[in-house]
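This one's a predicted model, so the numbers in the text were calculated from it and none came from an experiment.
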Amino acid sequence: QSQELSEGRIDYHAALLALQEHGTRMVCTGKMHTDRICRFDYLCYCSEAEEFVFFYSNSSVMLPNLGPRRFQPALLDLSSVEDHNTQYFNFLELPAGALKFMPKPVFVPDVTLIMNRFNPDNLMHVFHDDLLPAFYTMKQYLDLDDEARLVFMEGWGEGPYFDLYRLLSGKQPLLKEQLKNFGKLMCFTKSYVGLSKMTTWYQYGFVQPQGPKANILVSGNEVRQFAKIMMERMNITGQEDTAKEGDGTEEEQEKEKREDYIVVFSRSTTRLILNEAELIMALAQEFQMRVLTVSLEEQSFASIVQVISGASMLFSMHGAQLVTALFLPRGAAVVELFPYAVNPEQYTPYKTLASLPGMDLQYVSWRNSMEENTVTHPERPWDQGGIVHLEKEEQERIQVSKDVPRHLCCRNPEWLYRIYQDTLVDIPSLLEVLKEGLKTRPSVKKNKAASTVHPGRVREPQCQTSVQATNEAKLTVSWQIPWNLKFLKVREVKYEVWIQEQGENTYMPYILPQLNYTFSENIKPFTTYLVWVRCIFNKSLLGPFADVLMCRT
Ligand code: UDP
């Protein structure tokens, strides 16, 4: 392996000389350890010490140069989970001269992305914490291309979803465990350390109860582009391809006729739907659609994605498998089922995903509210919701509670007890929430995404004023359409005008369909008004305000 890595592709002697002379160079982005990604020349890793090493010399570079603040608490987060103290990255410093006394370094010629996977055993974590962040970190740095090498430093084995990580690049990812096979000292010619957090939408509740991230920066567009490329790399032909607006060739008509169907994502070991057959029959009858089941235990991940990518609805108990909703076609619905005493409002990783702007998915949750329909497992190990290890009183309290109180991650026994219940789904109450929650009948949308283009500024805003009488004045405001409107098909174009009397701290807002308006109510003579105008597309796409107008009556 070390041969593959270091021979033939770089001039060993030149690399060694460069390292000895120049040492390590580091330049980072980000002001804080939580938003930092660093690029290195000649970052080394000593497998004996299990430490990264920065060799300093007269020409080494370390930006930011934080001094001891590098340890407060760390240089950067190695995983996409923010500020988690098991995921910190740092390095040791050594003078480049120390190389003389060290084992001969093995050089890694590939451009390398060094990161931690957060929880590679859990599908939600795999996609949300690792695959999406790694995918978009690679988009951020052009030399992290198809040939890039990924190195996972969290120390876990491959895990059940390693094939998905393999899709990120053409090169086999390396695990921390494997690094020692390359020798005692390995040096990455070019590497990036850390992951972009730009695509994450959920925080798991380490410092405050879990919920959507405060400032979500990703839209459905980026999630869908990622999904599309992952599907291509899994050799899946998605609905995107069959949904092309066509001129109606026979083949396309055939695909148009393709039947709508429902998918039930089944879990086979924990958090079961106890009456799955009954549920499937009921859904088939209610929606007059075929119902397919998938489960991670029974088929390949790629075949599951193939099925989901053409589904109109996806039903599943709350759980990591629901992250596969990101492969649903636009217009589909996600229906998430929650066990007894678990409040769907407080556990929303999949609701948040489905609701990202531009995901174009509907989302409905159902909660078992009939205690007689739940099956608890008090005798299981604590991590599968067992509670027999707790004091009798605490066990009793948990067993009579009707709602898990808000809690932090990850070992709250009441939460685990409730979330690992099996459920007999009450069909009438489920159909009821579907009736209420589904705004339109879910179906695979043939058309493209709804436009998310925002208006530009309105142009040439002007005001004219006149005084009618000592207590009567008029203010006429006019403007031109935003420059980008003439290139767009927009369903509804409106303008918002704010009028504020100078010196007052409130303003009057108006929504108007036309390009000018004369205001006379509440307009006083000999007064200065500040006027802002902006354009709004389709009720919610707000443009910027034009420069404020000063209008004196
Ligand atoms: N899992 C599964 N079938 C089961 C139970 C779990 O495929 O019956 C998968 C699940 O999708 C996740 C992993 O095993 O990827 C861990 O499941 P767990 O219940 O611990 O986590 P959760 O689904 O609540 O996130």
message: With heavy-atom distances below 4.5 Å as the criterion, would you say the side chains of Pro120 and Tyr165 are in contact?
response: yes

- request: For residues Thr352 and Ile216, determine if any side-chain heavy atom of one lies less than 4.5 Å from a side-chain heavy atom of the other.
  value: yes

- request: Could you tell me whether the side chain of Thr137 and the main chain of Pro133 form a donor-acceptor pair under 3.5 Å?
  value: yes

task: Check whether any side-chain heavy atom of Glu93 sits under 4.5 Å from a side-chain heavy atom of Phe55, and report yes or no.
output: no

message: Within this structure, what is the CD1-CG distance for the pair Ile262 and Leu292, rounded to the nearest 0.5 Å?
response: 9.5 Å

query: Which residue pairs satisfy the side chain to side chain donor-acceptor pair (under 3.5 Å) criterion with at least one member in residues 35-56, sequence neighbours excluded?
result: Arg39-Asp143, Arg39-Tyr192, Glu50-Lys176

task: Please list, chain by chain and in numerical order, all residues satisfying salt bridge (charged side-chain N to carboxylate O under 4.0 Å, His left out) with Asp422, sequence neighbours excluded.
output: none

N/O donor-acceptor pair under 3.5 Å between Ser219 side chain and Asn221 backbone: yes

field: Audit row: His377, Ile387, side-chain contact (heavy atoms from CB on, under 4.5 Å) steps and yes/no
entry: CA-CA 8 Å; His377 298 285; Ile387 52 170; over 6 Å; no

message: For Leu361, is there any backbone N or O sitting under 3.5 Å from a side-chain donor or acceptor partner on Arg330?
response: no

- prompt: Taking only residues two or more places apart in sequence, or in another chain, which ones meet Thr112 in a side chain to side chain contact (heavy atoms under 4.5 Å, CB included)?
  reply: Val108, Asp110, Ile114, Arg149, Val151, Phe188, Ser191

- prompt: How far apart are the C-alpha atoms of Arg367 and Val342, what are their side-chain angles, what is the distance that settles it, and do they pass the side-chain contact (heavy atoms from CB on, under 4.5 Å) test?
  reply: CA-CA 7 Å; Arg367 164 189 193 172; Val342 178; 5.9 Å; no

message: Run the salt bridge (charged side-chain N to carboxylate O under 4.0 Å, His left out) test against Lys351 and tell me which residues pass, sequence neighbours left out.
response: Glu345

task: Verify the neighbour count for atom CD of Glu286: are there more than 12 heavy atoms of other residues, nucleotides or ligands below 6.0 Å?
output: yes

- prompt: Rounded to the nearest 0.5 Å, how far does CZ of Arg233 lie from CG of Leu168?
  reply: 7.0 Å

message: Under a 3.5 Å distance rule, please check whether Lys190 uses its side chain to pair with a backbone N or O of Val111 as donor and acceptor.
response: no

field: Gap between atom CE of Met153 and atom CD of Glu177 - 0.5 Å precision
entry: 10.5 Å

field: With sequence neighbours excluded, residues passing side chain to side chain contact (heavy atoms under 4.5 Å, CB included) with Thr452
entry: none

task: Spell out, as yes or no, whether a donor-acceptor pair under 3.5 Å connects the side chain of Asp360 to the backbone of Gly331.
output: no

- prompt: Under the ring pair (Phe, Tyr, Trp, His ring centres under 6.0 Å) rule, what pairs show up with a residue in residues 307-346, not counting sequence neighbours?
  reply: Phe127-Phe327, His318-Phe338, His318-Tyr350

task: Could you tell me whether a side-chain N or O of Asn116 sits under 3.5 Å from a main-chain N or O of Phe118, the two making a donor and an acceptor?
output: no

statement: Residues pairing under side chain to side chain donor-acceptor pair (under 3.5 Å) where one sits in residues 423-434, two or more places apart or in two chains, turn out to be Trp366-Ser429, Asp426-Ser429

- request: Under the disulfide bond (SG atoms under 2.5 Å apart) rule, collect the residues that match up with Cys38, sequence neighbours excluded.
  value: Cys28

field: Leu296 side chain reached by Ile304 side chain, heavy atoms, under 4.5 Å
entry: yes

- prompt: How many angstroms lie between CG in Asp146 and NZ in Lys171, if you round to the nearest 0.5 Å?
  reply: 9.5 Å

- request: Using the test side chain to side chain contact (heavy atoms under 4.5 Å, CB included), find all partners of Ser316 that sit at least two apart in sequence or belong to another chain.
  value: Phe265, Gln321, Leu322

query: Are Leu314 and Val335 side-chain neighbours, meaning at least one heavy-atom pair lies under 4.5 Å?
result: no

Can you list, pair by pair, the side-chain donor-acceptor contacts under 3.5 Å of residues 196-206, counting residues two or more places apart and other chains?
{"from": "Ser196", "atom 1": "OG", "to": "Met198", "atom 2": "N", "distance (Å)": "3.1"}
{"from": "Lys197", "atom 1": "NZ", "to": "Thr34", "atom 2": "O", "distance (Å)": "2.6"}
{"from": "Lys197", "atom 1": "NZ", "to": "Asp77", "atom 2": "OD2", "distance (Å)": "3.0"}
{"from": "Thr200", "atom 1": "OG1", "to": "Lys197", "atom 2": "O", "distance (Å)": "3.0"}
{"from": "Thr200", "atom 1": "OG1", "to": "Lys213", "atom 2": "NZ", "distance (Å)": "2.7"}
{"from": "Trp201", "atom 1": "NE1", "to": "Pro349", "atom 2": "O", "distance (Å)": "2.9"}
{"from": "Tyr202", "atom 1": "OH", "to": "Gln210", "atom 2": "OE1", "distance (Å)": "2.8"}
{"from": "Tyr202", "atom 1": "OH", "to": "Thr348", "atom 2": "N", "distance (Å)": "2.9"}
{"from": "Gln203", "atom 1": "OE1", "to": "Gly205", "atom 2": "N", "distance (Å)": "2.9"}
{"from": "Gln203", "atom 1": "NE2", "to": "Pro209", "atom 2": "O", "distance (Å)": "2.9"}
{"from": "Tyr204", "atom 1": "OH", "to": "His125", "atom 2": "ND1", "distance (Å)": "3.4"}
{"from": "Tyr204", "atom 1": "OH", "to": "His128", "atom 2": "ND1", "distance (Å)": "3.0"}
{"from": "Tyr204", "atom 1": "OH", "to": "Asp129", "atom 2": "OD1", "distance (Å)": "2.5"}
{"from": "Tyr204", "atom 1": "OH", "to": "Asp129", "atom 2": "OD2", "distance (Å)": "3.4"}

message: As an exercise, state the distance from CH2 of Trp415 to CD of Gln346, rounded to the nearest 0.5 Å.
response: 9.5 Å

task: Mind checking salt bridge (charged side-chain N to carboxylate O under 4.0 Å, His left out) for Glu298 and listing every partner two or more places apart, or none if nothing turns up?
output: none

- prompt: Are the side chains of Leu416 and Asn412 in touch, meaning some heavy atoms are under 4.5 Å apart?
  reply: no

- prompt: Could you give the distance from CE (Met281) to CG (Asn275), rounded to the nearest 0.5 Å?
  reply: 12.0 Å

- request: Given salt bridge (charged side-chain N to carboxylate O under 4.0 Å, His left out), test Glu158 with Arg166 step by step and report yes or no.
  value: CA-CA 10 Å; Glu158 290 190 352; Arg166 283 196 179 97; 3.7 Å; yes

message: When you compare the side chain of Asn343 with that of Asp403, does any pair of heavy atoms fall below 4.5 Å?
response: yes

query: Can you list every side chain to side chain donor-acceptor pair (under 3.5 Å) pair that touches residues 383-398, not counting sequence neighbours?
result: Glu394-Arg397, Arg397-Glu414

query: Within 45° of the six-membered ring axis of Phe91 and under 6.0 Å from that ring's centre, is NZ or CZ of Arg70 located there?
result: yes

query: Can any side-chain N or O of Gln362 pair as donor or acceptor with the backbone N or O of Lys439 at less than 3.5 Å?
result: yes

message: Has Arg224 got a side-chain atom pairing as donor or acceptor with Met359's backbone, closer than 3.5 angstrom?
response: yes

message: As a quick check of understanding, evaluate ring pair (Phe, Tyr, Trp, His ring centres under 6.0 Å) for Phe162 and Trp156, giving each step before the final call.
response: CA-CA 11 Å; Phe162 203 62; Trp156 295 38; over 10 Å; no

query: Sub-3.5 Å donor-acceptor pair from the side chain of Thr374 to the main-chain atoms of Glu371, do we have one?
result: no

query: Counting N and O atoms only, with roles assigned by atom type, does the side chain of Arg69 sit under 3.5 Å from a partner on the main chain of Leu66, one being a donor and the other an acceptor?
result: yes

Ile37 and Gln140, any side-chain heavy atoms less than 4.5 Å apart: yes

task: Determine, step by step, whether Phe135 and Ile229 satisfy the side-chain contact (heavy atoms from CB on, under 4.5 Å) criterion, reporting the C-alpha distance in whole Å, the side-chain angles of both residues, the deciding distance to 0.1 Å, and the verdict.
output: CA-CA 10 Å; Phe135 181 85; Ile229 292 179; 3.7 Å; yes

- request: Please step through ring pair (Phe, Tyr, Trp, His ring centres under 6.0 Å) for the pair Phe52 and Phe40, ending with a clear verdict.
  value: CA-CA 12 Å; Phe52 284 95; Phe40 290 88; 8.1 Å; no

